[in-house]
Amino acid sequence: MSQPVPVQPDAAPEPADPADRPELAGFRTKPVSFVRRSGRLTDRQKRMWAARHHAYLIDVPRAVARTSVDPEFVLDPAAVFGRAAPLVVEVGSGMGDAVVEAAATDPDRDHLAVEVYQPGLAHTIASAERAGAEQGREGLPNLRLVQANAAELLATTLPAGGVDELWVFFPDPWHKSRHHKRRLVTAEFAGLAARVLRPGGTLRLATDWAEYAEQMLEVLDAHEHLENAHGAGGRAPRFERRVLTGFERKAHRAGREITDLTYVRR
């Protein structure tokens with residue numbers, strides 16, 4: 001008869017069982033803010049991550065999945081940034097081009113980047129370190145990162161009415177009809193955005209997929225607490241603070257028109 005294997009003192013605890021948490025029943029039955037894909041850090045990114053991720057990454061408690069957030073956890077931005085300041089949140093920050101530029105050039109506001117992929121987060125940290133060095137300081141003190149599914153962050157983690165601006169630039173369009181149900185910007189997302197934005201706060205979106213832009217307009221225009229800044233069905237001019245990325249250049253080369261949308265929280 002085999003003997004039981006002893007548990008090592010430093011063994012990681014078992015992940016929470018959804019059956020023990022009634023509020024997690026049906027976990028991840030709704031659209032997430034990312035496409036599941038793998039990615040590895042380069043050796044340089046590994047060194048940067050080891051040296052500096054603690055200065056940027058917020059260690060949120062998890063629920064079940066590695067990118068989930070415990071629904072009982074509420075973020076305190078003033079405690080995280082060490083001050084009370086307007087907060088800008090970017091959902092799906094990717095390589096961090098927009099949020100790093102914003103944090104570097106707008107020091108009076110705090111910036112929170114939400115992204116699930118570690119290579120993107122590592123790239124963001126490296127860019128922030130360079131931007132800080134150019135200003136003669138170590139990093140960007142008004143930038144923090146969260147590795148999590150944004151829908152959960154908007155639903156429970158961020159305090160209601162605590163966000164000055166919410167950015168959603170080029171979310172995955174899931175262009176095949178059978179995949180439209182996976183899109184992030186839905187009627188439910190409109191409610192989550194309205195929840196976290198302060199009255200008078202701004203929701204900014206951009207997409208290079210015309211049909212997705214129409215869906216965004218339909219669900220956001222219909223929400224009672226969101227007002228299209230350019231009238232019902234109105235498109236916004238290009239947001240001047242949105243950095244022109246390689247992704248957007250590729251969309252232009254492919255002949256896809258970029259649609260910007262701006263909403264104000266009533």
Side-chain angles (χ1 to χ4, degrees), residues 15 18-19 23-40 62-69 71 89-95 98 113-121 146-157 166-196 203-226 228 232-236 242 245-263:
E23 72 275 20
L24 299 180
F27 183 74
R28 289 272 168 89
T29 60
K30 305 233 177 100
V32 296
S33 63
F34 58 94
V35 183
R36 291 172 176 81
R37 63 174 181 264
S38 60
R40 294 185 177 182
R62 304 302 180 183
V64 178
R66 184 171 58 86
T67 55
S68 64
V69 184
V89 177
E90 183 179 10
V91 169
S93 54
M95 304 303 278
V114 184
E115 178 58 57
V116 298
Y117 298 109
Q118 193 176 8
L121 292 168
V146 174
Q147 188 174 21
N149 173 33
E152 295 165 59
L153 205 79
L154 297 175
T156 58
T157 308
L166 179 63
W167 297 352
V168 185
F169 298 149
F170 303 103
D172 195 296
W174 292 105
H175 59 275
K176 294 181 180 179
S177 296
R178 67 178 183 272
H179 292 157
H180 284 184
K181 62 185 178 181
R182 301 181 182 178
R183 287 176 171 174
L184 175 65
V185 182
T186 61
E188 182 173 359
F189 171 85
L192 296 178
R195 174 191 170 274
V196 300
L203 169 63
R204 302 185 187 278
L205 308 98
T207 181
D208 62 329
W209 205 262
E211 190 272 334
Y212 197 5
E214 293 297 332
Q215 177 182 325
M216 291 179 178
L217 282 164
E218 179 181 355
V219 299
L220 297 174
D221 276 8
H223 198 278
E224 61 178 338
H225 295 306
L226 296 174
N228 191 321
R235 275 70 168 168
R242 178 163 57 76
T245 63
F247 178 87
E248 188 172 348
R249 292 189 182 93
K250 182 178 179 180
H252 282 301
R253 289 195 297 270
R256 295 194 298 274
E257 182 180 354
I258 309 300
T259 299
D260 277 74
L261 301 174
T262 303
Y263 287 83

Enter the distance from [X]:[atom1] to [Y]:[atom2] here, rounded to the nearest 0.5 Å.
{"X": "Met95", "Y": "Thr245", "atom1": "CE", "atom2": "OG1", "answer": "11.0 Å"}
{"X": "His223", "Y": "Phe189", "atom1": "NE2", "atom2": "CZ", "answer": "11.0 Å"}
{"X": "Asp208", "Y": "Phe169", "atom1": "CG", "atom2": "CZ", "answer": "13.5 Å"}
{"X": "His225", "Y": "Arg195", "atom1": "NE2", "atom2": "CZ", "answer": "13.0 Å"}
{"X": "His175", "Y": "Glu211", "atom1": "NE2", "atom2": "CD", "answer": "11.0 Å"}
{"X": "Leu217", "Y": "Leu205", "atom1": "CG", "atom2": "CG", "answer": "9.0 Å"}

Go through it in stages, so that I can follow the logic: the residues are Trp167 and Val114, the test is side chain to side chain contact (heavy atoms under 4.5 Å, CB included), and I'd like the CA-CA distance, side-chain angles, deciding distance and then a yes or no. CA-CA 10 Å; Trp167 297 352; Val114 184; over 6 Å; no

The test is side chain to side chain contact (heavy atoms under 4.5 Å, CB included); show your working for Thr259 and Tyr212 and say whether it passes. CA-CA 10 Å; Thr259 299; Tyr212 197 5; over 6 Å; no

Crowding at CD, Glu218 (>12 non-hydrogen neighbours, <6.0 Å):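 Counting other residues, nucleotides and ligands, CD of Glu218 stays at 12 neighbours or fewer.
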
Please identify each residue that fulfils side chain to side chain contact (heavy atoms under 4.5 Å, CB included) with Ala222, with sequence neighbours left out.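 Partners of Ala222 under the side chain to side chain contact (heavy atoms under 4.5 Å, CB included) test: none.
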
For residues Val196 and Leu154, report the shortest heavy-atom separation together with the two atoms involved.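 Taking every non-hydrogen atom into account, CG1-O, 3.4 Å.
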
Between Arg235 and Glu214, is the closest basic N to carboxylate O distance under 4.0 Å?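 Here Glu214 pairs with Arg235 in a salt bridge, since their nearest N and O are under 4.0 Å apart.
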
Is Glu257 reaching over with its side chain to a backbone N or O of Ala210, donor-acceptor style, under 3.5 angstrom?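 A pair under 3.5 Å: no.
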
Before giving the answer on side chain to side chain contact (heavy atoms under 4.5 Å, CB included), spell out for Arg242 and Arg204 the whole-Å C-alpha distance, their side-chain angles and the decisive distance to 0.1 Å. CA-CA 10 Å; Arg242 178 163 57 76; Arg204 302 185 187 278; over 6 Å; no

Residue among Asn228, Leu203, Thr262 satisfying side chain to side chain contact (heavy atoms under 4.5 Å, CB included) with Leu220: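 Filter result, single survivor: Leu203.
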
Among all residues two or more places apart in sequence or in another chain, which pass the side chain to side chain donor-acceptor pair (under 3.5 Å) test with His180?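 In terms of side chain to side chain donor-acceptor pair (under 3.5 Å), with neighbours along the sequence ignored, His180 is linked to Arg183.
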
